[in-house]
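Just so it is clear, the model here is predicted, and its values are computed rather than measured. In what follows, chains are A, B, ... by sequence order, proteins preceding strands, each numbered from 1.
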Amino acid sequence: MNLTTIYNSAAASPTHPSSLFPQITRCKTMKQLHQVHALFLKTGQINDPLAAAEILKFCSLPAHRDIEYARKVFRQMSEPNCFSWNTIIRALTESDEINETNEPLEALLLFTEMLTDGTVLPNQFTFPSVLKACARTGKLLEGEQAHGLALKFGFEKDEFVASSLVRMYVMCGAMEKAQFFINKMMAEFENGGKLVKDKRRTEGNIVLWNVMVDGYVRVGDLTAARELFDKMSQRSVISWNVMISGYAQNGYFMEAIEMFRLMQMGEVRPNYVTLVSVLPAISRIGALELGKWVHLYAERNEIVIDDALGSALIDMYAKCGSIEKAVQVFNRISKPNTITWSAIIGGLAVHGRAKDALDYFSRMEHEGVTPSDVVYIGVLSACSHAGLVEEGRLFFNHIVNEVDFEPRLEHYGCMVDLLGRAGLLKEAEEFIMNMPIKPDDVIWKALLGACKMHGNIEMGDRVARILMNMAPHDSGAYVALSNIYAASRDWESVARVRLKMKEMDVRKDPGCSWIELDGVVHQFLVEDESHPRAKEIHSMLQEIAEQMRLVGYKPDTSRVLLNIDDEEEKESTLYYHSERIAIAYGLISTSPGTPLRIVKNLRVCEDCHSSIKLISKIYTREIIVRDRKRFHHFENGSCSCRDYW
DNA sequence: ATAGGGTTAG
């Protein structure tokens, strides 16, 4: 055991010896504390600043925080010492009352009072709280003044003060200032300087480094974050968690998973937060095997699967195509909160299980959990995926009239999708016109998609124009419009759209699919030939095409968005859609009968959808495809979406 | 005294 472990275990020990005031140490509740307080008032012990400070500390503890009481005790102190000031400032800083009474701001006012009063000077314990109060209230100017004072008092290089400083700058959005200070500290390191640190600690400055890495993560500069991370001589579990959640929250899902894998090769063990951080990345990639492994890891290592970790697991199973497992996890959570309910309802919704989603919604209300706005997004999207127009309208009206939040863009989006897909194009358009908030591109895209689905060229044309104005460099509108023209064989208009795309330098997003085999995620781009087994994949694709021809399938090339006259070549571009490459690879890499799970970044095209139905029949495989929007369970020639998607 | 986490329309 090294020094650090000894120090940490001492700090973690539940009975911190406060032998001076055993009465307070023994207190369990605020009520008991009141009695001790009364006793101290009677005996005059209250005039001892140490005793008063202990009382202050007790009512500031998260377990029984009573800031009002703390405030009163503090105000009644005749000679508060530095510890008293620090305790009350810290209690106010940590307060959640940031909107109502703004207690973190009160902490800053108290700090200035401490300075003007001048009887006691701030010490190195004062600044972390003060800086955190600045960070929480976004007060950069005050933060800089505090920085000046910290420098003046000689605490700038204190490990705790330094990390609080970086955090303050980062949280106030002053990245260049954070960087400036970081550079200054880095120069110190390079000159062999060290931060002033607690003598009992041997670890060095992990926290400061962690805060720095987190700073880069928060502005989305993962390259800088990673560079710093790689330079660290020691990393704690938090260093890893910051990188993993940083990648995951900024959309670098593969990188998050890779980090998680690297972590396991070192000596730092994943903890609860690690699992909660990596799960969203696993969900997005659809890596079911890895997700199962995380679940097992939690169970084996006695990591409690509470409402938060449970929500992440439910979402993971749902997004990885295993909705039954998601339901199982849900049933084992003792106290599901509104996020847990969102996860299961949203999961059922993307699987097209609208009835179940609505049942869960009723259960939730029955159990007295107030549904959040996100829950209603799940409910509306369930209605939309199943074409439950009336139910959807009722829920939407319920939100408008009964619930105490205003519908958000997402709710409107669901409604446009619901109405549009049901063919109520006119109503959907009017719905958008009457929205009290400005519709975004997603709303218009939902309507455009409906126009495409129902072949409404006139409205499609109009909506596409609006979209091209709103987001001229987004390929979505161009591709959809071109598909609308192509479906009605208006090749001239198709050519016009393509020309426009070229002019605007807009390219169609490349299709990309993933398949996980034996815990390894394989990624395929459209027309991908980079895989080590590309040759075999190619032959398999040929074989599939041949098998499909034998059962009389004629590819639908009408939507091929390429300037190709040769019909055969058009057909072959369809074979090379990324999901088909992934399926072909799945077929040659797994034993007969194994279900295949594919994740795709875009929507599945019409032709792939009908082809996969056939493939599932010809090869007797269950094929589960998660596209951009929902799940398709292909089995024995049909799909769970009943071709309504 | 300082650092990390879950759900969200197409």
Asker: For Phe405(A) and dT8(B), give me the distance from atom CZ to atom P, rounded to whole Å.
Answerer: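 So the CZ-P distance, Phe405(A) to dT8(B), works out to 15 Å.
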
Asker: Any chance the rings of Phe111(A) and Trp85(A) have centres within less than 6.0 Å?
Answerer: no

Asker: Compare the minimum distances between each of dA9(B), dA3(B), dA1(B) and the side chain of Leu409(A), then state the nucleotide with the smallest one.
Answerer: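 Within the option list, the nearest is dA9(B).
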
Asker: Does Lys319(A) place a side-chain N or O at less than 4.0 Å from the phosphate oxygens OP1/OP2 of dT8(B)?
Answerer: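 So the side-chain polar atoms of Lys319(A) do come within 4.0 Å of the phosphate oxygens OP1 or OP2 of dT8(B), strictly under.
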
Asker: Just compare dT8(B), dA1(B), dA3(B) and give me whichever is closest to any side-chain atom of Ile377(A).
Answerer: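 For the Ile377(A) side chain, the nearest candidate turns out to be dT8(B).
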
Asker: Tell me whether Arg284(A) at atom CZ has more than 12 heavy atoms from other residues, nucleotides or ligands lying less than 6.0 Å away.
Answerer: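 No.
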
Asker: Answer with base, sugar-phosphate or nothing: what part of the nucleic acid does Asn271(A) contact at a heavy-atom distance below 4.0 Å?
Answerer: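 Touches a base.
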
Asker: State which of dT2(B), dA9(B), dA3(B) makes the closest approach to the side chain of Arg90(A).
Answerer: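 Shortest atom-to-atom distance from the side chain points to dT2(B).
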
Asker: Of the options dG10(B), dT8(B), dA3(B), whose atoms approach the side-chain atoms of Arg167(A) most closely?
Answerer: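 That would be dA3(B).
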
Asker: For dA9(B), does the base pair up with any side-chain atom of Asp440(A) as donor and acceptor (N or O, under 3.5 Å, distance only)?
Answerer: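 By the distance-only test, yes, there is a pair.
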
Asker: Check Thr338(A), Asp306(A), Thr340(A) against Ser311(A) for a side chain to side chain donor-acceptor pair (under 3.5 Å) and give me the one that passes.
Answerer: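 Single pass found, and it is Thr340(A).
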
Asker: Check the distance between dA1(B)'s C1' and Leu165(A)'s CG and give it to me in whole angstrom.
Answerer: 13 Å

Asker: Let me know the distance between CG of Asp306(A) and P of dT7(B), rounded to the nearest Å.
Answerer: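 Result: 14 Å.
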
Asker: Out of dG10(B), dA3(B), dT7(B), which nucleotide sits closest to the side chain of Asp315(A)?
Answerer: dT7(B)

Asker: From the list dT8(B), dA3(B), dG10(B), which nucleotide is the closest neighbour of the side chain of Val211(A)?
Answerer: dA3(B)

Asker: On the nucleotide dT8(B), are OP1 or OP2 found under 4.0 Å from the side-chain N or O atoms that His411(A) carries?
Answerer: no

Asker: Counting only side-chain heavy atoms from C-beta out, which of dG10(B), dG4(B), dT2(B) sits nearest to Arg421(A)?
Answerer: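 Per side-chain heavy atoms of Arg421(A), the pick is dG10(B).
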
Asker: Once you round it to whole Å, what is the distance between C1' of dT8(B) and NZ of Lys629(A)?
Answerer: 16 Å

Asker: What is the distance from CZ of Phe395(A) to P of dA9(B), rounded to the nearest Å?
Answerer: 17 Å

Asker: Asp474(A) near the nucleic acid: base, sugar-phosphate alone, or nothing, with a heavy-atom cut-off under 4.0 Å?
Answerer: nothing

Asker: I want to verify a distance call: between dT7(B), dA1(B), dG4(B), whose nearest atom is closest to the Phe125(A) side chain?
Answerer: dA1(B)

Asker: Looking only at side-chain atoms of Ile238(A), point me to the closest of dA9(B), dG4(B), dT2(B).
Answerer: dG4(B)

Asker: Give a yes-or-no answer on whether the side chains of Thr87(A) and Ser84(A) include a donor-acceptor pair shorter than 3.5 Å.
Answerer: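 No - no donor-acceptor pair under 3.5 Å links their side chains.
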
Asker: Please list, chain by chain and in numerical order, all residues satisfying side chain to side chain contact (heavy atoms under 4.5 Å, CB included) with Ser283(A), sequence neighbours excluded.
Answerer: Asp315(A), Met316(A), Lys319(A)

Asker: Would you please confirm or rule out a distance under 4.0 Å between OP1 or OP2 of dG6(B) and any side-chain N or O of Gln249(A)?
Answerer: yes

Asker: Among Leu228(A), Asp230(A), Ile238(A), Val213(A), find the residue that satisfies the side-chain contact (heavy atoms from CB on, under 4.5 Å) test when tested with Met243(A).
Answerer: Val213(A)

Asker: When we call it a touch if two heavy atoms are under 4.0 Å apart, what does Ser164(A) touch: a base, just sugar-phosphate, or nothing?
Answerer: sugar-phosphate

Asker: For the side chain of Val442(A), starting at C-beta, report the closest nucleotide among dG6(B), dT8(B), dA9(B).
Answerer: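 Nucleotide nearest to Val442(A)'s side chain: dA9(B).
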
Asker: Could you tell me the separation between the CZ atom of Arg630(A) and the P atom of dA9(B), rounded to a whole number of Å?
Answerer: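 Atom CZ in Arg630(A) sits about 14 Å away from atom P in dA9(B).
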
Asker: Do any side-chain nitrogens or oxygens of Arg218(A) fall under 4.0 Å of OP1 or OP2 in dG4(B)?
Answerer: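 For dG4(B), OP1 or OP2 has a side-chain N or O of Arg218(A) closer than 4.0 Å.
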
Asker: Could you state the atom-to-atom distance from CD1 of Ile339(A) to P of dT7(B) in whole Å?
Answerer: 8 Å

Asker: From CG of Leu279(A) over to C1' of dT7(B), roughly how many Å is that when rounded to an integer?
Answerer: 13 Å

Asker: For Asp307(A), report the nucleic acid contact type (base, sugar-phosphate, nothing); a contact means any heavy atom under 4.0 Å.
Answerer: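 The residue Asp307(A) makes base contact.
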
Asker: Does Gln264(A) have more than 12 heavy atoms from other residues, nucleotides or ligands lying within 6.0 Å of its CD?
Answerer: yes

Asker: Is Asn86(A) touching bases, backbone alone, or none of the nucleic acid, heavy atoms closer than 4.0 Å?
Answerer: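 Here Asn86(A) touches no strand at all.
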
